[in-house]
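Both counts, for ligands and for their atoms, begin at 1 and track the order of listing.
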Amino acid sequence: MDIRNYLEVEVLHLTAELIENDKNMCNCEKCKSDVAAYALNHLRPKYVVSDEGHIFTEVEMASDQERAQIIAIVLEGIELIKMNPRH
Ligand SMILES: [Zn+2]
């Protein structure tokens, strides 16, 4: 049994997608991780108990409202890192 924050998967996925769509945003691993870390620090974690792949069913259950919230925070992180890249 594993306890995981299921927002992690969703945040990493949306971060990669949104950075790719933003032509002015650096697409390197460092900036991507910084944006994802920002978003995860500003969202309330949602812990689930995962047993052998069950985590994926939970991830699919992210509601539209949750996704919209994650997108808003990720966009905020992109703007911030864009202005202050750590490299
Ligand atoms: Zn970068």
**Asked** At their closest point, which heavy atom of T15 faces which heavy atom of K32, and how far apart are they?
**Response** CG2-O, 3.7 Å

**Item:** Whether H42 side chain and Y38 backbone form a donor-acceptor pair below 3.5 Å
**Value:** yes

**Message:** To the closest 0.5 Å, what do you measure between CD (E10) and CG (L43)?
**Reply:** 10.5 Å

**Request:** List for me each residue that meets side chain to side chain contact (heavy atoms under 4.5 Å, CB included) alongside C26, sequence neighbours excluded, and say none if there are none.
**Result:** C28, C31, H87

**Asked** Is N27 reaching over with its side chain to a backbone N or O of E20, donor-acceptor style, under 3.5 angstrom?
**Response** no

**Message:** Whether the side chain of E76 engages the backbone of I73 through a donor-acceptor N/O pair (distance < 3.5 Å, no angle test) should be reported.
**Reply:** no

**Message:** For the Zn ion (ligand 1), which protein N/O/S atoms fall under 2.8 Å? Skip waters.
**Reply:** C26 SG, C28 SG, C31 SG, H87 NE2

